[in-house]
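Okay, structure first, notes after.
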Amino acid sequence: MKAEHYVGGVFRSDGPAFPLVAPVDGTELGAVPEATREVVDDAVAAARSALKGPWGAMSAEERATALRRVADGIQARSEEFVDAEVADTGRPRAFAETVDVPRAVGNFRAYADLLYGRPERAYTTRVPGWSSGTGEALNYTVRRPLGVVAVVSPWNLPLLLSTWKIAPALACGNTVVAKPSEETPSTATLLARVIDDAGLPGGVFNLVHGHGPGAAGEFLTGHPGVDAIAFTGESATGAAIMRNAADHVTPVSFELGGKNPALVFADADLDDAVDGTVRSSFTHSGQICLCTERVYVERPVFEEFVARLGERARALDGYGPMISAGHRDKVLSYFRLARQEGATVVAGGGAPRFGDARDGGFHVEPTVLTGLPETARTVREEIFGPVCHVAPFDTEDEALALANDSPYGLAATVWTRDLSRAHRVAPRVETGIVWVNCWNLRDLRTPFGGVKASGIGREGGEYSLDFFSEPVNVCVQI
Ligand code: NAD
């Protein structure tokens with residue numbers, strides 16, 4: 001898939017090119033155009049002008065129908081989307097087939113559903129008037145689009161996470177300028193093709209490729225013509241974007257990094273807890289923001305849990321490479337740091353050798369660590385690789401204190417068969433999402449987001465519609 005910008009309904013490839021590298025074996029997949037400031041300016045101008053065109057005049061139902069056409073278009077080209085996502089990320093094909101592409105289709109359908117047939121409920125709230133000294137008045141609230149929305153997304157779930165924001169932004173009547181990660185430009189380009197084929201007016205959706213700092217990402221998020229920024233990525237990048245957006249007081253919705261805890265109580269079903277932790281720590285080689293990197297296990301089952309998790313980690317195969325040589329080196333540097341900090345390496349701790357083309361790729365071993373103090377950098381900093389540290393605890397309060405002692409607050413998992421404990425503990429975990437006896441079970445209507453350094457705001461269902469539209473109160477004196 002040749003990466004191209006899509007600006008004002010036209011595909012173009014201007015700007016210097018940079019290479020796209022396959023993480024599975026290090027080969028070059030093609031060249032990606034780097035958007036200059038001029039390309040970004042053109043994209044923002046096209047998006048602003050499209051607000052005044054037919055898109056701005058469409059009813060919610062008409063927009064819902066357009067979103068459904070996009071969903072159908074992704075579905076119809078799902079093989080191409082799977083090929084592109086697998087090539088860019090090196091992830092297992094089954095993951096792209098069962099997660100990335102269905103969720104992208106689901107993102108467009110879910111927001112079409114929210115609008116279609118019930119625009120009143122999704123879009124307008126009427127409240128009865130009340131008497132005051134000046135007489136009776138009727139107040140009602142309408143929601144109007146924010147305007148031009150910048151969507152900046154990461155490489156770990158490229159299509160899933162960009163459509164998670166693009167779909168509700170469009171549903172609310174905004175226009176969009178999207179900038180995918182420089183590491184994974186291909187499915188975004190295919191999405192632009194689908195949107196073009198679906199007949200959305202030129203300028204409603206725009207796509208620019210390129211890097212972040214000092215480049216397309218920074219040009220876009222600091223642009224005076226951008227009315228809101230929806231960003232997913234590292235917390236430090238979120239902070240940089242906030243500084244950049246501050247001059248224009250641009251509203252932001254941020255989904256950022258995590259250092260997610262799992263709490264395993266001695267009364268848990270240990271088979272489920274081990275299975276669940278294998279998934280939550282190692283799926284996509286730990287490159288999901290929701291992955292578990294800190295596991296706290298009640299002391300009576302600690303030894304057994306560590307032994308079983310280590311055995312399972314050593315037997316794992318095929319969760320895919322790190323996204324890039326740079327990220328592989330970062331993850332390996334944390335493995336070295338963990339040893340320096342005094343960790344016991346229960347499983348993994350290095351880079352595998354395959355004896356085939358994959359040795360040119362960016363693979364690391366699923367890794368289980370124990371024995372580190374809570375102050376260790378390995379326990380405090382997000383690594384974003386297939387690694388977790390397991391530590392024992394003795395009481396429920398201690399488990400909660402350990403889980404909450406983190407600058408991050410994205411997601412947590414609690415493993416217990418005690419119903420009272422589950423309901424007692426879950427609300428006290430300082431994260432935006434708490435799973436009980438499961439992990440990454442997602443209903444797109446529920447609020448999704450993090451606390452502390454893990455984000456600002458919530459998205460999902462009506463929560464997204466709240467962010468991507470502006471309530472305007474109309475007060476009529478009767
Ligand atoms: P990243 O922050 O490096 O990059 C994300 C995007 O921001 C890319 O498109 C990049 O080009 C752009 N960018 C980088 N610097 C920028 C700048 N100064 N101005 C504007 N744009 C800039 O993140 P990544 O490495 O691509 O993704 C991994 C990170 O994303 C991890 O920290 C992970 O936890 C986080 N993440 C969070 C969620 C969530 O829902 N909370 C989901 C997925 C990933």
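Side chains included, hydrogens not; waters and symmetry mates left out as well; all remaining heavy atoms used.
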Checklist entry - What residues form a ring pair (Phe, Tyr, Trp, His ring centres under 6.0 Å) with Tyr296, not counting sequence neighbours? => result none
Item to check | Those residues that, when tested against Arg417, pass side chain to side chain contact (heavy atoms under 4.5 Å, CB included) (two or more places apart) | outcome: Asp269
Next on the checklist: Checking Arg445 now: which residues fulfil side-chain hydrogen bond (donor to acceptor under 3.5 Å, both in side chains) with it, not counting sequence neighbours?
Outcome noted: Asp443
Next on the checklist: Is it the case that atom CZ in Arg37 sees more than 12 heavy atoms from other parts of the structure closer than 6.0 Å?
Outcome noted: no
Checklist outcome for this item: Phe467 meets the ring pair (Phe, Tyr, Trp, His ring centres under 6.0 Å) criterion, sequence neighbours left out, with none
Next on the checklist: Distance alone, cut at 3.5 Å: any donor-acceptor contact between the side chains of Thr395 and Asp397?
Outcome noted: no
Checklist entry - ring-ring contact (aromatic ring centres under 6.0 Å, His included): which pairs involve residues 335-355, sequence neighbours left out? => result Phe354-His363
Checklist entry - Is the shortest distance from a Lys or Arg side-chain nitrogen in Asp100 or Arg93 to a carboxylate oxygen in the other one below 4.0 Å? => result no
Next on the checklist: Under the criterion side-chain hydrogen bond (donor to acceptor under 3.5 Å, both in side chains), I'd like the reasoning laid out for Thr250 against His223: C-alpha separation, chi angles, the key distance, then a yes or no.
Outcome noted: CA-CA 9 Å; Thr250 314; His223 202 293; over 6 Å; no
Item to check | Least distance between heavy atoms, Pro33 atom then Glu4 atom | outcome: CG-CA, 4.3 Å
Checklist entry - Would Glu365 and Arg353 count as a salt bridge (Lys or Arg N to Asp or Glu O under 4.0 Å) if you check the C-alpha gap in whole Å, the side-chain angles of each, and the deciding distance to 0.1 Å? => result CA-CA 10 Å; Glu365 292 170 338; Arg353 300 297 297 169; over 6 Å; no
Item to check | Thr221: side-chain hydrogen bond (donor to acceptor under 3.5 Å, both in side chains) partners, not counting sequence neighbours | outcome: Asn244
Checklist entry - Would Ser280 and Thr292 count as having a side-chain donor-acceptor pair, cut-off 3.5 Å? => result yes
Item to check | salt bridge (Lys or Arg N to Asp or Glu O under 4.0 Å) partners of residues 296-325, not counting sequence neighbours, each pair once | outcome: Asp271-Arg308, Asp275-Arg312, Arg299-Asp394, Glu304-Arg308
Item to check | Sequence neighbours excluded - salt bridge (Lys or Arg N to Asp or Glu O under 4.0 Å) pairs with any residue from residues 148-161 | outcome: none
Next on the checklist: Contact between Ser464 and Tyr111 at the side-chain level, heavy atoms closer than 4.5 Å - yes or no?
Outcome noted: yes
Next on the checklist: One pair to check against salt bridge (Lys or Arg N to Asp or Glu O under 4.0 Å): Arg424 and Glu396. What are the steps and the verdict?
Outcome noted: CA-CA 10 Å; Arg424 197 165 56 232; Glu396 197 175 289; 2.7 Å; yes
Checklist entry - Which of these, Thr367, Thr277, Val387, Val368, sits in a side chain to side chain contact (heavy atoms under 4.5 Å, CB included) with Phe282? => result Val368
Checklist outcome for this item: Nearest heavy-atom approach of Thr184 to Pro154 is OG1-O, 4.1 Å
Item to check | Asp418: side chain to side chain contact (heavy atoms under 4.5 Å, CB included) partners, not counting sequence neighbours | outcome: Asp267, Thr416, Ser420, Arg421
For residues 251-262, please give each side-chain donor-acceptor pair under 3.5 Å, one per line with the distance, not counting sequence neighbours.
unit_1: Ser253; atom_1: OG; unit_2: Glu459; atom_2: OE2; d: 2.5
unit_1: Glu255; atom_1: OE1; unit_2: Lys165; atom_2: NZ; d: 3.4
unit_1: Glu255; atom_1: OE2; unit_2: Trp164; atom_2: NE1; d: 3.2
unit_1: Lys259; atom_1: NZ; unit_2: Glu293; atom_2: OE1; d: 2.7
unit_1: Lys259; atom_1: NZ; unit_2: Thr378; atom_2: O; d: 2.9
unit_1: Lys259; atom_1: NZ; unit_2: Glu381; atom_2: O; d: 2.6
unit_1: Asn260; atom_1: OD1; unit_2: Ala411; atom_2: N; d: 3.1
unit_1: Asn260; atom_1: ND2; unit_2: Cys289; atom_2: O; d: 2.7
unit_1: Asn260; atom_1: ND2; unit_2: Leu290; atom_2: O; d: 3.4
unit_1: Asn260; atom_1: ND2; unit_2: Cys291; atom_2: O; d: 2.8

Checklist entry - Out of Thr370, Thr413, Leu369, Val390, which residue meets the side chain to side chain contact (heavy atoms under 4.5 Å, CB included) rule with Val295? => result Val390
Next on the checklist: Checking Tyr463 now: which residues fulfil ring pair (Phe, Tyr, Trp, His ring centres under 6.0 Å) with it, not counting sequence neighbours?
Outcome noted: none
Item to check | side-chain hydrogen bond (donor to acceptor under 3.5 Å, both in side chains) involving Arg243 - partner list, sequence neighbours excluded | outcome: none
